[in-house]
Structure formats: C-alpha cells, structure tokens
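Let me begin by presenting the structure, written as structure tokens, before commenting on it.
We count ligands from 1, going down the list as the structure has it; atoms in each ligand are counted the same way.
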Amino acid sequence: MDIETLKKSLNENLRNVPDFPKPGIQFKDITTLLNNAEVFSALMEFLENHYKNYGLDFIAGIESRGFIFGAALATRLQVGFVPIRKKGKLPFTTIVEKYSLEYGFDEVEIHIDALRDKKGAKVLLIDDLIATGGTAEAGIKLIKSLGGNCVEACFLLNLAEFNSVKKIEKYCKVFSILDI
Ligand code: AMP
C-alpha cells in the first residue's frame, strides 16, 4: 500500500472519542484500526519497509499503545523489544525519568539492563501519538541514560496543534505518519 492510501485508510479507521478520559479531550482511539486486519497489516508492512535498513538493535515502545506497534514491528525486523513503562510496573531495577504534565508530573521507567549493555545501541522509540511530547522526551532521555542511541522517534499520529515535533527533533529524527 502506498503512503497516501495508507494515510487515507488510517484516517478512516481511527475513532475520535470526545471527552475521554476527561471533558475537553478528543481521544484518538486506535482499537478500530487494530481490529481491521488489512489496515493493521498494511501499517506494519509500511513501517517494516521504512525501518528495514536502519540497522536497529532495539525498538522501545511507550506504555501502553507503543507496546502494540513496537512489539509487532520488532518481530518483523528481528530486533529486541524494550518496554518503557509508567512508574511502578517494571519488576527489576530501573532508571526513572520525570516529566511535566499540564498539572503536576508523571514518571516513566526502563530496566537498567534493557539494552543488554550494548553501548551505542541503535534504538527506535515508538508510540501511537505525540501530543505535548513530554512522554517521548522522557523516553529518549531514558534510552540515552543507558548509553543507547535513539535514532528516530516514530508516531502514528501527531497532534499538530502542540507543535511538539520540533521539541523532539532536538534529540533525534522524528517520523509521524498522520498529522492531525
Ligand atoms: P504527550 O506526552 O502529551 O505527548 O502524550 C502522549 C501520550 O499520551 C501517548 O502515550 C498517547 O497515547 C497519550 N495521549 C495523549 N493525548 C492523547 C489523545 N488525544 N488521544 C489518545 N492518546 C493520547
């Protein structure tokens, strides 16, 4: 599937849920894309082609929807998958990165041995969506703290109103399929 056809079918298969999880938020629901075998496969095939020559060592997915795309892509590219999780979920020793939310802060963690001690490991960071970019920025910092090289950050959706791609481009290349 070419990029324009893929964008069109992603657009058609996303569901916008107003006022979830709180009033004023337009939640972009990807479950309606995941249960469409043709669209989900076409997306993964597209990402496989995009990343097959990057020489990646790992794909790091951000909890929780980044796990779905990240793990599926990792098996296609035959590279390891690394979860970046909300604080308190990972069982082994972790490093933590704090980041600001509109009100307050949140924290994400990674296992200290997530990159198998491979210094300079080429890592792709992946999530379903970038809004303020705070989560992605924290994820990149975690990868760097482990000695990894975050070569690109990949998002299915970029909420363009936040203008966050610029912020992430300070650290690495950014690839988003749909800007909405
Ligand atoms: P941010 O750190 O502001 O870039 O937020 C990105 C994270 O929050 C991602 O893991 C998204 O899955 C989630 N997220 C933020 N805004 C939305 C939204 N409008 N719809 C769905 N997920 C969202």
Side-chain angles (χ1 to χ4, degrees), residues 6-36 39-40 43-44 46-47 51 58-74 81-90 94-111 114 123-146 148 150-180:
L6 177 66
K7 281 184 180 183
K8 189 168 176 283
S9 49
L10 290 177
N11 242 327
E12 286 168 359
N13 284 279
L14 278 168
R15 174 163 56 195
N16 189 67
V17 183
D19 300 320
F20 182 87
K22 38 186 180 184
I25 306 273
Q26 301 287 326
F27 192 87
K28 306 298 174 199
D29 179 16
I30 57 151
T31 64
T32 43
L33 175 168
L34 296 174
N35 68 10
N36 183 323
V39 179
F40 189 24
L43 170 65
M44 296 319 299
F46 176 82
L47 289 175
Y51 287 111
F58 297 97
I59 295 177
I62 297 178
E63 183 172 357
S64 61
R65 279 155 283 154
F67 293 177
I68 300 168
F69 301 110
L73 185 58
F81 175 77
V82 172
I84 293 177
R85 300 207 66 177
K86 299 281 162 60
K87 194 165 163 45
K89 303 281 183 71
L90 288 170
T94 61
I95 53 169
V96 187
E97 189 65 44
K98 227 180 195 183
Y99 61 99
S100 306
L101 299 173
E102 198 177 352
Y103 301 103
F105 68 91
D106 214 337
E107 290 171 290
V108 281
E109 291 186 305
I110 196 167
H111 273 149
V123 184
L124 170 72
L125 182 84
I126 192 163
D127 202 357
D128 64 329
L129 179 149
I130 179 167
T132 67
T135 322
E137 187 177 22
I140 293 167
K141 286 181 178 169
L142 289 175
I143 293 164
K144 280 178 174 257
S145 299
L146 294 183
C150 188
V151 291
E152 192 158 302
C154 174
F155 309 94
L156 243 57
L157 303 169
N158 166 33
L159 299 190
E161 65 185 281
F162 289 96
N163 208 14
S164 302
V165 167
K166 272 205 180 82
K167 167 160 130 184
I168 302 303
E169 278 174 343
K170 280 190 234 148
Y171 301 94
C172 63
K173 285 205 288 178
V174 176
F175 180 60
S176 67
I177 299 178
L178 278 183
D179 294 320
I180 46 177

(request) For ligand 1, list the protein residues that place a heavy atom within a distance below 4.0 Å of one of its atoms, sorted by chain and number. (result) Q26, F27, K28, R65, D127, D128, L129, I130, A131, T132, G133, G134, T135, L159
(message) Taking the basic N atoms (NZ, or NE/NH1/NH2) and the acidic carboxylate oxygens, is any pair closer than 4.0 Å for R85 and E109?
(response) no
(request) Would you list the pairs meeting salt bridge (Lys or Arg N to Asp or Glu O under 4.0 Å) in which at least one residue belongs to residues 170-180, sequence neighbours left out? (result) E152-K173
(request) With side-chain contact (heavy atoms from CB on, under 4.5 Å) as the test, would you mind laying out the steps for N13 and L34 before giving the verdict? (result) CA-CA 9 Å; N13 284 279; L34 296 174; over 6 Å; no
(request) Check the pair L125, V151 against side-chain contact (heavy atoms from CB on, under 4.5 Å), reporting the backbone distance first and the verdict last. (result) CA-CA 8 Å; L125 182 84; V151 291; over 6 Å; no
(message) Return the CG to CG distance between L178 and N11, rounded to the nearest 0.5 Å.
(response) 5.0 Å
(message) Could you walk me through whether E107 and Y99 satisfy the side chain to side chain donor-acceptor pair (under 3.5 Å) test, starting with their C-alpha distance in whole Å, then the side-chain angles of each, then the deciding distance to 0.1 Å, before giving a yes or no?
(response) CA-CA 6 Å; E107 290 171 290; Y99 61 99; over 6 Å; no
